[in-house]
Amino acid sequence: MNYESIWLVLLFPILGFLIQALLGTRIEKTLGRKVLGGLAVLPIALSFAVGLVITLGTKGGTSNTATIGQWINAGNLSIPFEFIVDPLSMTMVLIITGVGALIHLYATGYMSEEREYARFFTYMNLFIASMLLLVLGANLLLLYVGWEGVGLCSYLLIGFWYKDLANAKAANKAFIVNRIGDWGLSLGLMLIVVFLLSQGNHVQDGRYLSYDTMLPALQNGLAANPAMATAIALLLFVGAAGKSAQFPLYIWLPDAMAGPTPVSALIHAATMVTSGVVLLNRMHVVFEMSPVASAIVCVIGAFTALFAALIAFGQTDIKKVLAYSTVSQLGFMFIACGAGAYWAGMFHVTTHAFFKALLFLGAGAVIHAMAHNQDMRNYGNLRKYLPITFWTMVVGTLAICAVGIPGVFGFAGFYSKEAILGGALANTHAQINGVQLGQISGWVGLGVALLTSIYMTRLTCLTFLGSEERWRAIPAHTEEHHAEDHAENSDTHHALDENHTPHEVPISMWLPLVVLALLSIGGGYFLANGGAFEHWLYPSGLPVLGEVSTEPTGIPLAMYSMIAALGGIALGLVFYLKGLPKNQGFDESQWLGLRRAERDQFGFDNAVTVAAVDGGGDIARGLWKWVDVALIDGIVEGFGKISGGLGELMRRWQTGYIRLYALMMLLGLVGLIGFFAIVFQRGVR
């Protein structure tokens, strides 16, 4: 199977979407949910199989374009419907369809008691198709269509339980915040078009938006115009920051937990949030021309990683902890891209897909076992009841904590995080006025790695360890509102009580956990062995931009990483192994001030909400009062009054006396003669 068969990768999820949308309800009634669920999983699995075969036939460094047909043909503008087959696109295809198929399989069990089963998988299949279009599209317009498609699908899936107002608000928030990022991306794409046209890049067939034509033209043109390179790069970065939840546009992602857990896993691990990293890799030639833009990417990535890691400590909802960990890990990916270590950013995208999907699906298994109660304060000693979930989540925790022994073996996150930190500390490109912001970001990332190990150990201890089974004495006021909301949308729901006994999930749910755990154990080692992933993605050697030693202190970086990972786990065990600390319990008035600030995101989300909602309302009311009422209505009403006044004046002259009419005609004639006399006199002069 050659690269020209790549259209099948997109076709199967589209067919799955159509089957679920048009025939799903009928299939569910006649053949049952197992068949309908199988028809949701099968298209994604087939796409993975086709993608794997094509990938095995793709050599590193090669790039082929498969043209499906003509898409837009208007005047001199000709945009084909074309797919790009290269290491970057195929890496994403395998992640999207491979991890996506496992999440779909898991969802058949997790959503088995939900109403509107077909609607859920309709959205899920469309989500996969949109993301595939984003990464496979061989020109910027196709990328943009896929970009908007994943935005739409995230809105539909986050708000799946739309009867709950909180879920509906979360979906709206995700959609609106992403519009800000999309605004930046749109302006960036327009600026690229304007710049290429200004450089005389009038390609005869109109393919100046296709990567194989556009990227070399940009590289040549921007070399002599660093200001334009910075402008384009920063606009593209705004788009990337929106989809990939970088500060300050991260606020939509934690609230996206309102959707079902399989949706959270799909968004965080295999689809939407990786879009920004893919965009930066695809457009890396622009960022290479702008040290300023690269430095800003590094700084925002480092700040996001640190900010989100701190916030994670204040969360009690198990999914919220994982959500902020995703925001933090995305910050690492942006550090890599800003430092010029693009392959390292994509490496972390890959390993993160393994362990983050595992952690979210494991959290879903816990939530499922705990009657959809998501508060970790209500857990404890679940390793006794959920052994498979426990051990697989331990693997995921070790992977995200980047545990490994240098030169021997490490979990998946160890290799990719090591590559990111090494790339950042070797950087001299990302700088502003001589300040090496890339290197500073690398040291910040190392500190964040320590924090990651602590808060992930906290999650593991509060959920699985200790002898206290806190759900047996849950105060009435601590029941999660989500449980009630879930019950309204579910066929069955079981409340927690002292007689509740958690149980392991069915095979359709734990099998994906086991597969992802195996990938989290060996996936990083396999891809890092001999520089396999780096040479596959950029065999021509897209180097880390800079030539500074990766060991500026004389101590190997791997030693710092190992100390951060193991030291963080040790600290987490000291603080949380015995159970829930009293100053972190249900009485939040007993919490330390820092913990409450972390819980509230240091007030940032609330400030943004107040500024956007209340401030937006004030602006709207001001525009209504001064523009609509005072100006527009004033002008309209003014003309009305003038017309009314003239009408009233003319009415008074309509007396019926012929002599008055004759006088008016005489005055009009005199005025007309006088007007023409003045015009004639000026014309003679």
### Evaluation steps, side chain to side chain donor-acceptor pair (under 3.5 Å), between Glu82 and Ser210
CA-CA 9 Å; Glu82 55 186 358; Ser210 299; 2.4 Å; yes

### side chain to side chain contact (heavy atoms under 4.5 Å, CB included) evaluation trace for Phe332 with Leu421
CA-CA 8 Å; Phe332 277 96; Leu421 297 180; 4.1 Å; yes

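Residues Thr65 and Tyr211 have side chains that never bring a donor and an acceptor to within less than 3.5 angstrom of each other. Ser47 and Thr97 are not linked by any side-chain donor-acceptor pair at a separation below 3.5 angstrom, with hydrogens and angles left out of the test. There is no side-chain donor-acceptor pair under 3.5 Å between Lys243 and Thr274. With no hydrogens or angles considered, a side-chain donor-acceptor pair links Thr326 and Lys356 at under 3.5 Å.
Put simply, the side chain of Leu140 reaches to within 4.5 Å of the side chain of Met283, judged on heavy atoms. Using a 4.5 Å heavy-atom cutoff, the side chains of Thr91 and Thr55 are not in contact. Inter-residue side-chain proximity for Phe604 and Phe307 is flagged as met; some heavy-atom pair is nearer than 4.5 Å.
Classified by interplanar angle (parallel below 30°, tilted 30° to 60°, perpendicular above 60°), the ring pair His268/Phe360 is tilted.
Under the side-chain hydrogen bond (donor to acceptor under 3.5 Å, both in side chains) criterion, Asn64 pairs with no residue at all, not counting sequence neighbours. Scanning for salt bridge (charged side-chain N to carboxylate O under 4.0 Å, His left out) contacts around Lys173 gives Asp255, Asp605, with sequence neighbours left out.
Between the side chain of Gln431 and the backbone N or O of Thr428 there is at least one donor-acceptor pair closer than 3.5 Å.
The salt bridge (Lys or Arg N to Asp or Glu O under 4.0 Å) contacts involving residues 262-283 comprise Asp86-Arg282, where partners must be two or more places apart or lie in separate chains.
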